[in-house]
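Following: one structure in structure tokens, then a few remarks.
Only this structure's heavy atoms are used, side chains among them; waters, hydrogens and symmetry mates stay out. Letters A, B, ... mirror the listed sequences (proteins, then strands); counts begin at 1.
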Amino acid sequence: MRSLREALSGIRRAPALTVLSVMAIGLSVFSIGLFALTAHNIDVALSDVEGRVEVVAYLRDDASEELIEIARHEIESYPEVESARYVSKVEALYEASRELTEFSDVYSDLEVNPLPASLEIALRPDFRTPVDVETVADRVTSYHFVEEARYGREWVDRIYSLRRVAGGAAVILGLSFAFGAALLIGIAVRMSVLARAREIAVMQTVGATDGYIRRPFLIEGLMTGLGGGLLALALTFVTYQAVERTLVSLAWLPDLWTAAGLAFAGILGMLAAGRAVRRELRRLDVY
Amino acid sequence: MRSLREALSGIRRAPALTVLSVMAIGLSVFSIGLFALTAHNIDVALSDVEGRVEVVAYLRDDASEELIEIARHEIESYPEVESARYVSKVEALYEASRELTEFSDVYSDLEVNPLPASLEIALRPDFRTPVDVETVADRVTSYHFVEEARYGREWVDRIYSLRRVAGGAAVILGLSFAFGAALLIGIAVRMSVLARAREIAVMQTVGATDGYIRRPFLIEGLMTGLGGGLLALALTFVTYQAVERTLVSLAWLPDLWTAAGLAFAGILGMLAAGRAVRRELRRLDVY
Amino acid sequence: MVQFRSVTKSFGGSSPAVLDVSFHLRKGEFAFLTGASGAGKTTILKLVHMLHRPSSGEVRVSRYSSSRIKRRDLPDLRRRVGYIFQDFRLLENLTAEENIAFALQVTGTAKAKIAPRVRKLLNQVGLAARAQAFPRELSGGEQQRVAVARALANEPLVLLADEPTGNLDERASSGVFELFRRINASGTSVLMATHDAELLRRHRNVRVIELEEGRLVFDSAGDPVA
Amino acid sequence: MVQFRSVTKSFGGSSPAVLDVSFHLRKGEFAFLTGASGAGKTTILKLVHMLHRPSSGEVRVSRYSSSRIKRRDLPDLRRRVGYIFQDFRLLENLTAEENIAFALQVTGTAKAKIAPRVRKLLNQVGLAARAQAFPRELSGGEQQRVAVARALANEPLVLLADEPTGNLDERASSGVFELFRRINASGTSVLMATHDAELLRRHRNVRVIELEEGRLVFDSAGDPVA
Ligand SMILES: Nc1ncnc2c1ncn2[C@@H]1O[C@H](COP(=O)(O)OP(=O)(O)OP(=O)(O)O)[C@@H](O)[C@H]1O
Ligand SMILES: Nc1ncnc2c1ncn2[C@@H]1O[C@H](COP(=O)(O)OP(=O)(O)OP(=O)(O)O)[C@@H](O)[C@H]1O
Ligand SMILES: [Mg+2]
Ligand SMILES: [Mg+2]
């Protein structure tokens, strides 16, 4: 209670400094927020693209529909496979003419349908690695009525390296931004401690214990951190809304992330404050 | 000279504060730098994609090669047109089979070549707007041996709206980051002035003029700003190198931009310092 | 209560601020600490408060010794030793009464007891009318009296007063001095640094410890180490 | 040189710090400003230095008037009026000699002249040995003497001294006082706030202006407005 009151009065005593600290922390956590938003949306987009990883087995024109149906069931029971869809020659032509509008005229002129029937095999989320895709493709090719299995090897590899790189970049950039934020919080709190160095020295001479002196600063650091975190959250949300309305549709951050961000800002503020006060206390007293 | 020496001694007197200010400014100008890098590369990428805006005129199978060659010359003399390239039926088939590997087997099975010959018309940089593209397409369609002119209307429109939105976002984000940087510089300088409020008051009582008191702070602000700018430049370059090596090939910022960024940081530091000192001077004296 | 044994304090300069000083201030004793400007009076008081560590020798205050005291014991020591600083050391952001109350809060005094105690102290130093003023709104002498009241707040075992009447006129000076005598009569030891020759002349019965360039050159109580 | 005409200064509290004060300190005159703690001595000195603006009345110093002076004229005024503050106001980051040199730099004194002048001033206040020390390394009396040296640096037309001997022993006090007399003899007006009754007694021939609760209650020079 006393510490809280003191912390509040500390803030009241130097409101400009506190507002500035909150803004500094807010801005730096905001950059983390922006980054998290970007990362999260890359993630969403990636898992969307990844969902399209599939193996296509082109079938001989002479394969009987019954055999194909049996094979389709077998394939669907593979542990790696989510679903297998049969695409007849007619459907293939239709889809091709729809997807490739430039050639729709060409196709309608054709007398024979040159496109083969196929099985489009979608994989389960956990089995979309290059290795699993190749395994499925190999097994499927062993059916005698399968002409060829394609799976865009390069495409699969690319998605995976992209996710790995994105993950690495996320960690590196996230850490460096967090470092920047910690730095700024440290600056802010250190300033507020320095601004009260005289006060601290006087408290020591009056017989206040280290803990007693430290506590209000810790609480002040926590509150400043949380304030900065909330500001960052607000800024991130405004940015999210602005981009959502003008540019592209975005996913908002998971609640867990925002909660973690707030907790991070608060704890960072408290730790930075604690460190700054401890150093100041040791500097001021000779024992 | 005196001011420079004073500014240096000011920095020497409170090295921690100065280092922290430089770091704060560095971090915020760094975010501008990151943004500039992104914007510049979007720009480069856009102009690359834009270079591919073209009108394709599909030709009747019965058009004579001489007429086509005459028409091609005529079209190349349009003010909007950069070049017009004749693509024969054979070339068309070859290109199609190369670009659409999935269907290469199919094409090789064909007995007749279903693809038409065409003129691929590239536009000059200044005439790639939706309106110009449509004008060219319309004029080309008036040749009797032109079956149809395609130009991906939607595609052109999209590029244009993307560039507009990117431009807008660049200005808005750039401004808000600049605001953040100005804020941080203001904080830093204000702290350094506050830390010397007593010194300023004493100088006033000893009879120093406002200009005399202000000058070292202005120079200190300028140097702090430039220091922060250089730090930001270094950070941006390191990021550029890191991304370049691990992710994608990037273009480095034009020299003019980096020079402007440095000047911006320096001037911002000086102005923020000037403002802070002026306020302090008025606050301390009653006349 | 306060015991110096061959204490030397050097700040690294050519000559030490305090050189081989020994004396013993007993419980309930009153002593003037005198000497020219720069003789080492403030340094001696700060050694008692353990704001300086002796370069050699030992300072004992109550049950604490400068050579054995732990960092965590300092607050307890300083609550028992009231200190009126030569430069006052008031908190700029607190009013006169808050500055005094602060010393009581720090020691965990019950809230209900603080307000009446502060009022009594302000009255004793003649500042009741300026209770709400901030240090920068107080005259030099008024600030000094706030410092006096704060040092007395916790009823210290030892009172250290550094030139406590330097900014006071004759009447206010005697007021503060009489206050010290009353405090002293109730059992508190008092060590008062001063170069008010007039004061020394008027109170010839009070013990005088005199310094000259850091050395103890005269002690009216005789035996230096006891 | 310094003229007060019915000057009142109120800080918004119940009673003004200075109330309807008039006096005239002539060129080359020496006067003690005396009165109890809180009587208004420092406020009067700050009014002369134009650190306060009178609530009513007019303060004239040399050719400047409190009612007409412009912000840009303040530096010139303050260079002509030396001020020894009650709380010294030294720059913490500068050594003793740098603090004195600073006052000379500010007025644009030629570099070559600064060093010898500083040395002379330090000698005059008896601090040559502590020239390189920072304020926190100086005793109270030593800081006060640095403040004295700084106020004299620019050979002011008027010297304002606020309790300049409050932290000094008798010998150092007389030293500083003799210095003031010499400065005064060379044409500088001196207004010295003090409650050192002893000093007043010893110099009965010097003009005394006495304040009581902000009012001028005694002026040994007689005519209040001249
Ligand atoms: N922190 C310090 N660093 C270096 N020298 C110091 C420090 N503190 C004091 N001194 C020097 O030690 C000597 C004694 O100082 P001290 O403050 O004890 O004197 P004092 O007797 O209180 O004088 P005064 O009556 O002027 O206050 C002085 O010469 C002073 O300059
Ligand atoms: N800035 C201020 N705001 C409010 N009150 C003030 C201010 N400055 C001075 N006072 C009050 O005005 C009165 C006169 O103060 P002043 O400092 O002039 O006294 P003084 O004669 O110098 O006393 P001392 O001998 O104790 O230094 C005091 O009661 C003081 O509290
Ligand atoms: Mg002292
Ligand atoms: Mg005063």
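- Using a cutoff of 4.0 Å between basic side-chain nitrogens and carboxylate oxygens, C:Glu58 and C:Arg60 are scored as salt-bridged.
- The pair A:Asp210-C:Arg71 meets the salt-bridge criterion, with a side-chain N (NZ, NE, NH1 or NH2) lying under 4.0 Å from an Asp/Glu carboxylate O.
- Each of C:Lys70, C:Arg89, C:Arg80, C:Arg53 has some count of heavy-atom pairs under 4.5 Å with chain A, and the biggest count is that of C:Arg53.
- Residue contact with chain A, scored on non-hydrogen atoms closer than 4.5 Å, involves the backbone and the side chain of C:Leu51 alike.
- If you measure heavy-atom distances from C:Leu77 to chain A, you find no contacts under 4.5 Å at all.
- In this structure, A:Phe237 and A:Tyr240 have tilted ring planes: the angle between them lies in the 30° to 60° band.
- Checked for salt-bridge contact, C:Arg207 and C:Glu29 meet the test: a charged N lies under 4.0 Å from a carboxylate O.
- For chain A, the nearby part of C:Arg150 is the side chain; its heavy atoms alone come within less than 4.5 Å.
- The greatest number of non-hydrogen atom pairs below 4.5 Å with chain A, out of C:Glu92, C:His49, C:Arg72, C:Arg79, is found for C:Arg79.
- Aromatic ring centroids of C:Phe177 and C:Phe180 lie 6.0 Å or more apart.
- A salt bridge between C:Asp76 and C:Arg63 is present, with a side-chain N of the basic residue lying under 4.0 Å from a carboxylate O of the acidic one.
- Looking only at heavy-atom pairs under 4.5 Å with chain C, the residue among A:Thr209, A:Thr205, A:Val206 that has the most is A:Thr205.
- In this structure, no portion of C:Lys46 lies under 4.5 Å from any heavy atom of chain A.
- Contact count versus chain A (heavy atoms, under 4.5 Å) is highest, among C:Ser66, C:Gly108, C:Ala153, for C:Ser66.
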